[in-house]
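Data block below; observations after.
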Protein chains: 2
Amino acid sequence: MELDDRKLKILTAIIQNYLETGEPVGSRTISKYTDLNLSSATIRNEMSDLEELGLIIQPHTSAGRIPSDRGYRLYVDMMLKEKEDELNNLKVELNAKSERLDTILKEAAKVIADSTNYASMITVPKYRTKKIKFIQLTQVDFSTLLCVVVLDGNLIKNMMVPCDEELPKEALLKLNLMMNTFLQGLDMQEINVSVMQKLRNEANEYSALISNILDAIAKCLEDQGVEAYTSGSTNIFKYPELNESGKASNLLYALEEKKELTDLMYKEGDSNRGIQVYIGEENPIEATKDCTFVTATYHIEDGVYGKIGILGPRRMDYEKVVGTLRNLMNELDGIFGKE
Amino acid sequence: MELDDRKLKILTAIIQNYLETGEPVGSRTISKYTDLNLSSATIRNEMSDLEELGLIIQPHTSAGRIPSDRGYRLYVDMMLKEKEDELNNLKVELNAKSERLDTILKEAAKVIADSTNYASMITVPKYRTKKIKFIQLTQVDFSTLLCVVVLDGNLIKNMMVPCDEELPKEALLKLNLMMNTFLQGLDMQEINVSVMQKLRNEANEYSALISNILDAIAKCLEDQGVEAYTSGSTNIFKYPELNESGKASNLLYALEEKKELTDLMYKEGDSNRGIQVYIGEENPIEATKDCTFVTATYHIEDGVYGKIGILGPRRMDYEKVVGTLRNLMNELDGIFGKE
DNA sequence: TATTAGCACTCATTCGGTTTGAGTGCTAAC
DNA sequence: GTTAGCACTCAAACCGAATGAGTGCTAATA
C-alpha cells in the first residue's frame with residue numbers, strides 16, 4: 001500500500017488536531033474540519049490504512065486515532081525539511097555582550113520556556129579544550145588570594161586560595177607573570193607534571209603556594225559534569241497526559257537531576273549542527289518516554305559549544321519549537337561568535 | 001476546660017501518629033498504641049475535648065482526627081523549647097573554605113533536602129551594605145576588559161566590559177589605582193554623582209570607559225532580587241496530601257519562581273537568629289497554605305546573612321527539621337565566620 | 001465520679017452493574 | 001471509488017448497595 005498525498009493530508013490533519021486537543025481524533029472530526037470533502041466513512045477507510053502503515057494507533061477499540069511515534073517522526077521530518085532555510089523572527093530579549101555568560105544562559109532558558117510553554121534546559125558551554133587565556137592573582141586580604149582564570153571564549157572562573165602571609169607586591173607581580181607565561185594557552189590536560197615542576201622551581205620559596213593555586217585551578221576546571229540551567233519545568237503540568245499518575249514527578253526529577261538529560265544532549269557532540277528530536281519511545285531515558293525531547297547546539301567558537309533542550313509532551317508544537325530554537329541559536333551564535 | 005497532662009499526651013500521640021501515616025487517626029489507634037491504658041471510649045471523650053479546644057479537627061464526621069494548625073503550633077513550640085540548647089550531630093559534608101560560595105550553598109541545599117526529604121531553598125547572602133573591598137581591572141583581549149569586584153565577605157563578582165582599544169599598561173595601572181582609592185570601602189548607595197564626577201575628572205581621556213565600568217558594576221551589584229538555590233523540590237511528591245489536584249504544581253511553581261518565598265524569608269531580617277515556622281494557614285503565601293515552611297538564618301559577618309528554608313507538608317518531622325537546620329547553621333557559621 | 005462496653009449512626013470508599021455516546025468496521029447501494 | 005446505514009465495541013460516567021472505620025451517646029461498672 002502506498003502513502004499517497006491524500007493519506008498524508010489526513011495524517012497531517014490528525015496530528016494537528018491531536019496537537020491542539022490532546023484527545024484521540026475520530027473520522028467524523030477529520031471529515032468535517034478539513035477541506036477534503038470526504039465522508040467520515042472514507043476517512044475511516046483511509047485511517048484504517050494509515051494504521052496498517054503504523055503511522056497512527058487506536059488507544060483502544062472504538063476510540064479515535066492518535067499519531068504513533070512513527071507518525072510524529074514522519075511529520076517532524078517533513079517539517080524540518082520545509083523549515084530548513086526559513087527563519088522565524090521572534091525577538092529574543094538578550095542584550096549586551098557584557099553580561100555574564102551564565103546570566104545570558106539563564107535568560108535564554110527562560111525565554112525559551114516562556115515562549116514555547118514547555119520545559120527548557122540549557123547547558124553551560126562545554127570546553128572541549130579549556131584553554132587558559134589569562135590568569136590573575138590578587139591579594140584580597142592578608143590570608144586570602146583571589147585567583148581569576150579567564151578561559152577561551154571569555155568564560156571566567158574565580159576561586160579563593162588561602163595563603164599564610166601577606167605577599168610583597170613584587171612577589172605577587174612575579175607570580176602573576178609566571179603563571180601567565182607558563183600556563184597561557186594550555187588546557188588542563190597539558191598542565192602536566194613537568195610544567196608544574198618548572199613553575200615550582202621558578203617560584204622557589206612560594207612553591208607551596210603555587211601548588212595550592214594549581215590545585216584550586218584544577219578543581220575548578222575539572223570535569224564536574226556539565227553545568228546546566230532549567231526553566232519552566234512546571235509547564236509540564238499544563239499537559240494532562242504528562243500529569244497523570246506518577247509521570248510528572250519523574251519528569252521533574254529528571255529535570256532537577258539534569259544529568260541524564262545533559263548526557264543525552266551531549267551524546268551527539270557538536271558535529272550535528274542541526275536539531276535533534278527524540279519522540280516518545282525513541283527517547284532513551286526512561287522517565288521521558290512519554291515526552292518529546294528536542295535538542296539543539298549553539299556554538300561559541302570552534303570546539304566550544306553548548307546545548308539547548310526542550311522537553312514537552314509528544315504532541316509538541318514542533319513548528320514553533322523548531323522555529324524558536326533556530327532563532328535562539330542564531331542569537332547566541334551572534335552574541336558569542338563575534339568575540 | 002483545662003489542657004491537662006493527659007490531654008497533652010493524647011495530642012502528642014495523635015500528632016506523631018499522623019506525622020507517620022498522613023491518615024486521620026482514630027481513638028482505637030491511640031488506645032492501642034500508647035501506654036496510657038485507656039479504652040477507646042475514654043480517648044474519644046478526650047478527643048472531643050481537644051477538638052473543642054481547637055487543637056485537632058475531624059475532616060468529616062466519622063473520620064479520625066488530624067491536628068489543626070493550632071495543634072501543630074503547640075507541638076512545635078513545645079519542641080522548640082526542648083531543643084533550645086540541645087545539639088544534633090548530623091555531619092554536614094561541607095569541606096574546605098576555599099570552595100566558592102555558591103558551590104557551598106548549592107551543596108548545603110542538597111544536603112538539607114536529602115536528609116529531611118523535604119524541599120529546601122537557600123539564599124545567597126544578602127549584603128545589607130555591599131561594601132567594595134577591592135577592584136581589579138584587567139585587559140583580557142584587545143576589546144574586552146575584565147572587571148573583578150570583591151565585596152565584603154569575599155563575595156566575588158566579575159563582569160566583562162567592552163572597550164574600544166587596547167589600553168597601555170600604565171593607563172590600566174592608573175585606572176586600577178584610581179578605582180580602588182575612590183571606591184574602596186563604599187557601597188553602591190555611596191557611589192553617588194559626586195564620586196563619579198571626581199573619578200571621571202581624574203580619568204580625563206578614559207572618562208567614557210569609566211562610565212561603562214561603573215555602569216557594569218552598578219548593574220552587577222544592584223538589587224536584582226535575592227539569588228537562591230533550591231533542591232529536592234520533587235520530594236513534594238512523596239506526600240500525597242500535597243500531591244492531590246493542582247497543589248503540587250503550584251508549589252513547584254513557587255519553588256521555581258522563588259521570589260515570593262525569598263521575600264517571606266527576608267521579611268524577618270536577621271534580627272531573629274532563631275528558627276521561624278509557618279504552619280499551614282499561618283503561611284502568607286497562597287500556594288503554600290497546605291504546607292509548613294521553616295526558615296532559619298545563617299550569618300557570615302555583621303549585616304551579611306542568608307536564609308535557609310524548608311518546605312514540606314504540615315505533618316513535617318519538626319524535630320528532625322529543626323535539628324538539621326540548627327546543625328547546618330552551625331556549620332555555615334563555622335565555615336564563613338572565621339574569615 | 002471516672003471509665004468502659006455496647007450499640008446505633010455517619011459517611012468516605014469500594015465495587016459491580018447499567019447507561020451513554022463516541023467511534024469503529026462492514027456491507028450494500030450509488 | 002465513495003458513501004449511507006447499521007450493528008458492534010468499549011471507556012467513561014453514573015448509580016446504588018455493601019463495607020468498614022470511626023464516632024457519639026447511654027447505661028453499666030468500679
Side-chain angles (χ1 to χ4, degrees), chain A residues 1-11 13-15 17-18 20-68 240-241 243-245, chain B residues 1-11 13-15 17-18 20-68 240-241 243-245:
Chain A
M1 187 190 340
E2 266 311 289
L3 185 62
D4 57 25
D5 197 51
R6 193 170 78 176
K7 284 191 175 46
L8 213 56
K9 270 192 184 135
I10 294 177
L11 178 63
I14 293 174
I15 293 184
N17 188 289
Y18 182 67
E20 276 171 41
T21 64
E23 294 293 318
V25 354
S27 51
R28 200 147 168 280
T29 317
I30 298 297
S31 148
K32 272 206 292 196
Y33 298 104
T34 59
D35 46 4
L36 290 168
N37 279 325
L38 293 173
S39 80
S40 64
T42 314
I43 303 288
R44 275 204 288 288
N45 290 330
E46 294 290 46
M47 279 173 146
S48 164
D49 290 355
L50 284 171
E51 183 158 18
E52 206 173 311
L53 286 166
L55 297 172
I56 56 181
I57 26 177
Q58 245 180 328
H60 58 85
T61 339
S62 90
R65 306 300 217 286
I66 61 174
S68 70
E241 68 267 42
N243 205 348
E244 58 187 11
S245 51
Chain B
M1 183 194 341
E2 267 310 290
L3 184 64
D4 58 22
D5 197 52
R6 195 170 75 175
K7 283 191 177 43
L8 212 56
K9 270 194 185 135
I10 293 178
L11 177 63
I14 292 175
I15 293 184
N17 188 288
Y18 182 66
E20 276 172 42
T21 65
E23 296 292 319
V25 353
S27 53
R28 198 144 171 282
T29 315
I30 299 297
S31 145
K32 274 206 292 195
Y33 298 104
T34 59
D35 47 4
L36 289 168
N37 279 327
L38 292 173
S39 81
S40 63
T42 314
I43 303 288
R44 274 202 289 287
N45 291 331
E46 295 289 46
M47 277 174 148
S48 165
D49 291 356
L50 284 172
E51 182 157 18
E52 206 172 312
L53 287 166
L55 297 172
I56 54 181
I57 26 177
Q58 245 180 326
H60 58 85
T61 343
S62 89
R65 307 302 215 289
I66 61 174
S68 71
E241 69 267 42
N243 204 350
E244 60 187 14
S245 51

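Every value quoted in this text rests on a predicted model; they were computed, and no experiment measured them. Within every chain, numbering begins at 1; the chains are lettered A, B, ... in the order of the sequence lines, protein sequences first and strands thereafter.
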- Could you give me the CA-CA distance, side-chain angles and deciding distance for S40(A) and R28(A), then say whether side chain to side chain donor-acceptor pair (under 3.5 Å) is met? CA-CA 5 Å; S40(A) 64; R28(A) 200 147 168 280; 6.0 Å; no

Counting only side-chain N and O atoms of [X], is one of them less than 4.0 Å from OP1 or OP2 of [N]?
X      : N       : answer
S27(B) : dG22(D) : no
R28(A) : dA4(D)  : no
R65(B) : dT23(D) : yes
S48(A) : dT24(C) : no

Could you tell me the separation between the [atom1] atom of [X] and the [atom2] atom of [N], rounded to a whole number of Å?
X      : N       : atom1 : atom2 : result
K32(A) : dT3(D)  : NZ    : C1'   : 17 Å
H60(A) : dC8(D)  : NE2   : P     : 20 Å
E23(A) : dA11(D) : CD    : P     : 15 Å
I43(A) : dG1(D)  : CD1   : P     : 16 Å

- Query: Which nucleotide, dT2(D), dT4(C), dG25(C), lies nearest any side-chain atom of E51(A)?
  - Reply: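 Between dT2(D), dT4(C), dG25(C), the one nearest the side chain of E51(A) would be dG25(C).
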
- Query: Of all the nucleotides listed (dG24(D), dC10(D), dT4(C)), which has the minimum atom distance to the side chain of N45(B)?
  - Reply: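 Per side-chain heavy atoms of N45(B), the pick is dT4(C).
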
- Task: Would you indicate what T61(B) reaches in the nucleic acid, counting non-hydrogen atoms under 4.0 angstrom: base, sugar-phosphate, or nothing?
- Result: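 Sugar-phosphate, no base atom in range.
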
- Could you check S62(B) against R44(B) and say which one's nearest nucleotide on DNA chain C is further toward the 5' end?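 Nearest-nucleotide comparison on DNA chain C picks R44(B).
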
- Message: If you go through the side-chain atoms of S39(A), does one of them form a donor-acceptor pair with the base of dT3(D) closer than 3.5 Å?
- Response: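 Side chain to base: no pair below 3.5 Å.
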
- Query: Do T42(B) and S39(B) pass the side chain to side chain contact (heavy atoms under 4.5 Å, CB included) test, and can you show the C-alpha distance, the side-chain angles, and the key distance before you say yes or no?
  - Reply: CA-CA 5 Å; T42(B) 314; S39(B) 81; 3.2 Å; yes

- Looking at side-chain heavy atoms only, is the closest gap between V25(A) and R65(A) below 4.5 Å?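 Counting from C-beta outward, V25(A) and R65(A) never come under 4.5 Å.
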
